[in-house]
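In what follows, a single structure is set out as structure tokens and then discussed.
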Amino acid sequence: MSIAASAGAMATDGAPQQTGEARAERFLTKDIWVFVLCECAIFTAYFIVYMLYRGGNQALFLSSQQRLDPRFGVCNTLILLFSSWLIANCVYSARAGRYRAAINQCAGAMACGVLFVGLKIVEWWIKIHQGLEFSTNEFFWFYYFLTAIHVLHVLIGFIFLSVVMYQLSGAERRSQTVIETGAIYWHMVDLLWVMIFAIVYVMR
Amino acid sequence: MAASAANRITLVWLGLSAITLLSWWIGAKHGAEVFARSGIVTFSVILLAAIKIRFILREFMEVRSGPVLLKRLTDGVVVVMAGGLLAVYASGVGIHLG
């Protein structure tokens with residue numbers, strides 16, 4: 001049963017007696033979804049504020065947007081989608097008891113994350129050397145703010161995936177709930193980037 | 001069962017990657033020399049992003065097999081995010097400093 005399905009099962013579970021482990025799993029299952037929904041709400045607020053500033057100075061935003069290289073945005077989107085696919089497969093492998101494959105898939109997802117952050121640093125470095133810094137104009141405030149806050153989420157994702165790897169590597173500590181919680185966090189990082197790519201790199 | 005689920009998410013991943021390239025193509029095709037405001041490009045790109053986000057939620061995050069409340073909440077997130085952005089864009093409302 002997936003963690004999404006178990007969130008529903010637990011919501012209707014009226015059993016008065018639960019073990020400490022069951023309570024902990026229930027806490028984790030519900031909380032990751034509350035966390036994801038809150039993060040989406042916070043990022044939606046950022047995106048709306050970006051759009052309001054954009055509406056106030058469209059010419060500036062369009063000319064500044066043209067200074068970005070969309071190939072970085074496309075590559076980073078494809079990298080995160082691939083990492084999401086890997087971590088989804090990691091969950092399936094863990095459910096099937098194929099823990100070696102699950103570890104490899106989780107490691108692959110982390111490697112994609114490292115590549116994403118590396119490309120982002122190269123992109124920032126190029127922009128800064130072109131004189132396009134945080135203080136250049138309103139567009140670049142948002143460009144650096146949105147991409148940096150997202151990179152921060154990727155870095156936090158490394159902690160989640162490290163926990164997943166740790167869990168998968170020892171038979172005595174494997175918890176499918178913890179593994180799937182880490183996977184859901186990583187998918188959320190991908191989900192948020194999809195909209196950042198659309199509004200920062202592509203829209204007009 | 002596991003094999004069909006893995007095949008399904010592989011198809012979803014390929015579809016999402018194709019949509020990403022389509023979004024890029026839409027943006028690159030429009031205003032190669034000078035970027036200009038385009039409602040068609042913006043509407044298309046944000047709509048495609050919303051479709052991608054819903055697929056990530058439903059398929060990768062397995063909301064598809066989750067409770068109705070979770071499905072509604074996540075659909076609400078997609079609608080508010082994309083709808084809010086498009087509403088602000090279409091209304092022309094903006095904040096101008098200085």
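So that the names make sense, note that chain A is the first sequence line, chain B the second, and so on, each numbered from 1.
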What part of [X] gets closer than 4.5 Å to chain A, counting heavy atoms only: side chain, backbone, both or neither?
X      : result
L48(B) : neither
S91(B) : neither
I56(B) : side chain

Heavy-atom pairs under 4.5 Å with chain B, option from F82(A), W186(A), Y201(A) with the top count = F82(A)
Highest number of heavy-atom pairs under 4.5 Å with chain B: which of D190(A), L192(A), L78(A)?
-> L78(A)
Side chain, backbone, both or neither of [X] within contact of chain B (heavy atoms, under 4.5 Å):
X       : answer
V49(A)  : neither
F197(A) : side chain
Q65(A)  : both

Grab the two heavy atoms, one from [X] and one from [Y], that are nearest each other, plus how far apart they are.
X       : Y      : result
L81(A)  : F60(B) : O-CE1, 4.3 Å
W85(A)  : I9(B)  : CD1-O, 3.5 Å
I199(A) : L85(B) : CG2-CD1, 4.0 Å
V202(A) : V41(B) : O-CG1, 3.9 Å
R37(B)  : L62(A) : N-CD1, 3.4 Å
V194(A) : I53(B) : CG1-CG1, 3.9 Å

Go through the steps for M203(A) and F43(B) under the test side-chain contact (heavy atoms from CB on, under 4.5 Å), then give the verdict.
-> CA-CA 8 Å; M203(A) 72 167 280; F43(B) 184 84; over 6 Å; no
Show me the donor-acceptor pairs, under 3.5 Å and distance only, between side chains in residues 77-84 of chain B and residues at least two apart or in other chains.
none

Atom pair [atom1]/[atom2] of [X] and [Y] - distance to nearest 0.5 Å:
X       : Y       : atom1 : atom2 : value
L191(A) : F55(B)  : CG    : CZ    : 13.5 Å
C40(A)  : L73(B)  : SG    : CG    : 11.0 Å
K52(B)  : M195(A) : NZ    : CE    : 9.5 Å

Residue pairs passing the salt bridge (charged side-chain N to carboxylate O under 4.0 Å, His left out) test with at least one member in residues 32-44 of chain A, sequence neighbours excluded, are none
Could you please spell out the steps behind the side-chain contact (heavy atoms from CB on, under 4.5 Å) verdict for W33(A) and M61(B)?
-> CA-CA 10 Å; W33(A) 282 109; M61(B) 298 167 90; 3.9 Å; yes
Any chance the side chains of W13(B) and S84(A) put a donor and an acceptor closer than 3.5 Å?
-> no
Does [atom1] in [X] sit with more than 12 non-hydrogen atoms of other residues, nucleotides or ligands closer than 6.0 Å?
X       : atom1 : value
Y166(A) : OH    : no
I40(B)  : CD1   : no
R67(A)  : CZ    : no

For I46(B) and F47(A), what are the C-alpha separation, side-chain angles and deciding distance, and is it a side-chain contact (heavy atoms from CB on, under 4.5 Å)?
-> CA-CA 12 Å; I46(B) 291 179; F47(A) 298 158; over 6 Å; no
Picking from S23(B), G92(B), S17(B), which has the most non-hydrogen pairs under 4.5 angstrom with chain A?
->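 Greatest number of close heavy-atom pairs with chain A: S17(B).
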Check: F35(B) and S63(A) side chains under 4.5 Å, non-hydrogen atoms |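 They are not in contact (no side-chain heavy atoms under 4.5 Å apart), so the answer is no.
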Can you check whether R204(A)'s main-chain N or O pairs, donor with acceptor, with Y89(B)'s side chain at less than 3.5 Å?
-> yes
